[in-house]
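This report concerns only the one structure given below.
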Amino acid sequence: MTQPTSDATAAPKSMDDIVALCRRRGFVFQSSEIYGGINGFWDYGPLGTELKRNLKNAWWTDMVHRELMGPFGAPVDIVGVDSTIIMNPKVWEASGHVSGFNDPMVDCRETKARYRADHLFVQRFELDGTTAGFATVGAGVDEARKAIDADRARRKVPHGYGGLANAIAKVRFGVTEAALDDLVPFDTLDATARAAVLAPEAKEVGTLTEPRMFNLMFETFVGALRSDDAKAYLRPETAQGIFANFENVVNSTRVRVPFGIAQIGKAFRNEVTPRNFTFRSREFEQMEIEFFVHPSQAPEWYAFWRDTRFAWWQSLGLAGGNLQLREHDADELAHYAKEGAGTSDIEYRFPFTAPGFGELEGVAHRSDYDLRQHAEHSGKRDKMKYFDQERNERYFPHVIEPSGGADRGTLALLCEAYTPDESRASKVYMAFHPRLAPVKAGVFPLVNKDGMPEIGERLYRQLRKRFVCEYDPKQSIGKRYARMDEAGTPYCFTIDGQSVEDQSVTVRHRDTQAQERIGVDHVERFLTERIGGA
RNA sequence: GCGGGUGUAGCUCAGUGGUAGAGCGUCACGUUGCCAACGUGAAUGUCGGGCGUUCAAAUCGCCUCACCCGCUCCA
């Protein structure tokens with residue numbers, strides 16, 4: 001009655017199924033679940049914690065500890081810092097986050113659209129003795145003006161407007177003339193004035209809410225007194241902890257430009273809409289390098305980091321068509337990267353973004369924006385410049401920033417590993433790269449008697465000195481293999497009757513379910529060859 | 001914040017006013033001896049929460065909480 005499934009990869013990956021497995025096997029739980037959860041916050045269970053830790057360790061090992069050859073033939077030099085989540089609030093004024101992350105927003109009750117208040121301009125005019133107007137979207141006055149001129153050139157009112165809205169629309173679409181005032185930003189209007197405004201696309205008047213602040217930075221208070229002076233922020237990125245320590249690192253170590261400072265740590269953003277499992281969380285972990293270079297070398301270093309970081313994600317198993325490198329268009333560059341060598345995203349095709357992609361890591365040329373800002377705001381000015389002995393030159397180094405998301409990376413690993421397979425008992429297995437697998441090996445006595453558990457326990461004790469392993473003597477062997485498949489354990493070693501005779505065990509391979517027989521003395525070497533020290 | 005939806009065992013769900021249920025999973029014992037096997041048994045519920053209607057509420061009403069989906073954004 002069931003169709004034989006020949007191609008396991010043919011089954012589509014369902015995000016709901018992945019989330020269910022994550023909960024069932026203890027990869028990811030909702031934070032505070034016993035109280036119904038809290039939107040945008042996630043916990044890692046035992047397996048997820050190991051997985052994420054393996055990812056972060058791989059990053060730190062490969063970026064900071066191991067030798068990496070740079071674009072100019074010399075090894076890359078990177079040191080680490082671990083800065084605090086709460087910093088002096090001036091840091092965030094200098095970085096631009098206080099202004100950039102505090103945009104008042106306006107909602108339209110009718111169309112359900114949401115606008116940035118500073119991108120909403122109102123054209124006002126006299127209408128039957130009162131002041132009315134209509135709102136237009138634009139990044140600035142000029143852009144809004146253009147949009148209005150385009151509308152007025154249509155000389156025709158679309159259907160659906162009635163009463164006052166129709167009278168306003170007649171002016172908007174150039175059917176009736178009126179004495180037009182200058183454009184005013186929406187957020188300068190009071191409640192009465194707002195009530196006489198026709199929103200974009202809306203057919204009724206006065207549907208726009210008052211501008212409301214959406215604070216993307218979490219606020220807190222330092223000290224027991226809740227005064228405005230005590231206000232502080234939970235960092236929205238780890239990068240500023242690096243920039244603020246730039247001088248300290250230069251003065252306390254022997255690093256010389258070009259060099260990098262790496263940091264892994266939590267960051268917080270009060271996202272308006274956390275969505276898609278852990279993808280957009282309000283509390284998340286970043287893996288960031290700020291790499292400081294002479295301005296003239298920025299293009300080479302930018303290309304180097306973009307390619308190095310892309311290759312790194314590929315090396316962890318995110319190969320194939322699900323990973324892509326995408327250069328940003330000029331209009332989507334961040335405030336700190338307007339000029340420079342560019343910005344690119346390393347993107348993964350998540351089940352919830354497919355056929356599109358979601359960002360895993362951004363590699364940006366931040367120019368000398370941040371160091372200059374801090375030099376300015378801290379009052380250190382030119383004293384913060386770096387003195388380059390070789391060049392005999394004082395300058396603000398330019399920064400290439402590879403900034404990856406540890407939680408997004410973990411999520412991508414989970415999605416990539418998730419492999420439906422109707423042919424096996426678990427119907428699914430997690431094909432993690434052995435280096436990242438939360439559990440490296442399972443050790444099972446086929447039956448919990450007749451000398452098998454003794455051999456198994458001895459092997460388990462030996463292996464766990466170097467590898468994360470599980471020993472499980474209970475239940476049918478099929479159940480134990482099935483559980484290991486869902487945990488993504490690459491190898492299982494089973495002790496059977498023959499083991500008692502000749503000290504050999506079977507190795508069961510996760511991806512193929514194939515078995516082979518090796519001597520129990522060779523198991524440790526077997527794992528070392530396939531997993532290494534990681 | 002606005003609109004829509006959901007909430008019963010670890011999971012999937014049944015239960016529309018009258019004793020809180022099933023399958024799967026979990027655990028124990030036995031059997032089995034290489035892929036969630038079989039037998040026997042066991043544990044597990046503030047029916048999201050509160051108030052109300054009623055002799056009686058998982059079920060009807062009101063309120064509330066949390067989550068999910070859409071709108072703004074991004075590591």
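Each chain gets a letter, A, B and so on, in the order the sequences are listed, and its residues count up from 1. Note that these values count all heavy atoms, side chains included, but never hydrogens, waters or copies made by symmetry.
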* For B:U26, what is the paired nucleotide under Watson-Crick or G-U wobble rules, both distances under 3.5 Å? -> B:A42
* B:C73 base / A:Arg280 side chain donor-acceptor hit below 3.5 Å -> yes
* Asked: Rounding to a whole Å, what distance do you find between A:Leu21:CG and B:A36:C1'?
  -> 14 Å
* Name the orientation class of the two ring planes belonging to A:Trp301 and A:Phe304 (parallel below 30°, tilted from 30 to 60°, perpendicular beyond 60°). => perpendicular
* Examine the base of B:A36 for any acceptor or donor lying under 3.5 Å from a partner atom in the side chain of A:Arg25, and report the outcome as yes or no. => yes
* Looking across every strand, which nucleic acid part, if any, lies under 4.0 Å from A:Thr278 by heavy atom: base, sugar-phosphate, or nothing? -> nothing
* To do: Mind listing the closest non-hydrogen atom pair of A:Pro89 and A:Tyr233 along with its distance?
  => CB-CE1, 4.1 Å
* Asked: With sugar-phosphate meaning primed atoms plus P, OP1 and OP2, does A:Glu486 contact a base, only sugar-phosphate, or nothing at under 4.0 Å between heavy atoms?
  -> base
* Give me the ring orientation class for A:Phe292 and A:Phe246: parallel if the planes are under 30° apart, tilted from 30 to 60°, perpendicular past 60°. => tilted
* **Distance-only donor-acceptor test (3.5 Å): side chain A:Asp496, base B:C34** => yes
* Structure fact -> Answer for the Watson-Crick or wobble partner of B:U6, both distances under 3.5 Å, is B:A66
* Asked: Between A:Phe279 and A:Phe350, is the ring centre distance below 6.0 Å?
  -> yes
* To do: Take atom CD of A:Gln513 and atom P of B:C34, then tell me their distance rounded to the nearest Å.
  => 16 Å
* Structure fact -> note: A:Leu120, atom CG; B:U72, atom P; distance rounded to Å ~ 14 Å
* Using atom P of each nucleotide, how far apart are B:G18 and B:U12 to the nearest Å? -> 26 Å
* Mutual orientation of the aromatic rings belonging to A:Tyr491 and A:Phe526 [parallel < 30°, tilted 30-60°, perpendicular > 60°] -> perpendicular
* Heavy atom of residues 470-483 of chain A under 4.0 Å from RNA chain B: which residues? -> A:Lys474, A:Gln475, A:Ser476, A:Ile477, A:Gly478, A:Lys479, A:Tyr481, A:Ala482, A:Arg483
* In whole angstroms, how far is the C1' atom of B:U31 from the CG atom of A:Asp450? -> 14 Å
* To do: Using a cut-off of 6.0 Å, state whether more than 12 heavy atoms not belonging to A:Arg53 lie near its atom CZ.
  => no
* Protein-nucleotide distance (A:Asn39, atom CG; B:G48, atom C1'), rounded to Å -> 16 Å
* Asked: Can you tell me how far C1' in B:G48 sits from the matching atom in B:G5, rounded to whole Å?
  -> 16 Å
* Asked: Do any of residues 53-61 of chain A sit with a heavy atom less than 4.0 Å from RNA chain B, and if so which?
  -> none
* To do: Using a 4.0 Å heavy-atom cut-off across all strands, classify A:Lys449 as base, sugar-phosphate, or nothing.
  => base
* Are A:Phe29 and A:Tyr44 close enough that their ring centers fall under 6.0 Å? -> no
* Structure fact -> Winner on side-chain proximity to A:Thr494, out of B:A75, B:C35, B:C34, is B:C34
* Asked: With the threshold set at 4.0 Å, does a side-chain nitrogen-carboxylate oxygen contact exist between A:Arg366 and A:Glu237?
  -> yes
* Between A:His365 and A:His398, what is the ring plane arrangement, given parallel below 30°, perpendicular above 60°, and tilted in between? -> tilted
* **B:C13 pairs with, by Watson-Crick or G-U criteria that keep both distances under 3.5 Å** => B:G21
* Tell me the partner of B:G61, counting only Watson-Crick (N1-N3 plus N6-O4 or O6-N4) or G-U wobble (N1-O2 and O6-N3) with both under 3.5 Å; none if nothing fits. => B:C51
* **For atom CG of A:Leu208 and atom C1' of B:C71, their distance in whole Å** => 14 Å
* Asked: Given that both distances must come in under 3.5 Å, which nucleotide forms a Watson-Crick or G-U wobble pair with B:A37?
  -> none
* How far does the C1' atom of B:G17 sit from the matching atom of B:C24, given to the nearest Å? -> 31 Å
* **Nearest-Å distance for atom pair NZ/P, residues A:Lys427 and B:C35** => 14 Å
* Sticking with atom P, work out how far B:A42 lies from B:G21, rounded to a whole angstrom. => 15 Å
* Across the strands shown, which category fits A:Arg24 at heavy-atom distances under 4.0 angstrom: base, sugar-phosphate, nothing? -> nothing
* Are A:Arg326 and A:Glu359 within salt-bridge range, i.e. N to O under 4.0 Å? -> no
* To do: Consider the side chain of A:Ser426, meaning its heavy atoms from C-beta on, and name the nucleotide among B:C34, B:A36, B:A75 that approaches it most closely.
  => B:A36
* **Of the listed nucleotides B:C34, B:C11, B:C69, the one nearest the side chain of A:Asn276** => B:C69
* Asked: So what does A:Phe444 touch, heavy atoms closer than 4.0 Å: a base, only the sugar-phosphate, or nothing?
  -> nothing
* For A:Thr238, answer base if it contacts any base atom (sugar-phosphate contacts may also be present), sugar-phosphate if it contacts only those atoms, and nothing otherwise; contact means non-hydrogen atoms under 4.0 Å. => nothing
* Residue of the set A:Tyr471, A:Phe493, A:Phe444 for which ring pair (Phe, Tyr, Trp, His ring centres under 6.0 Å) holds with A:Tyr460 -> A:Tyr471
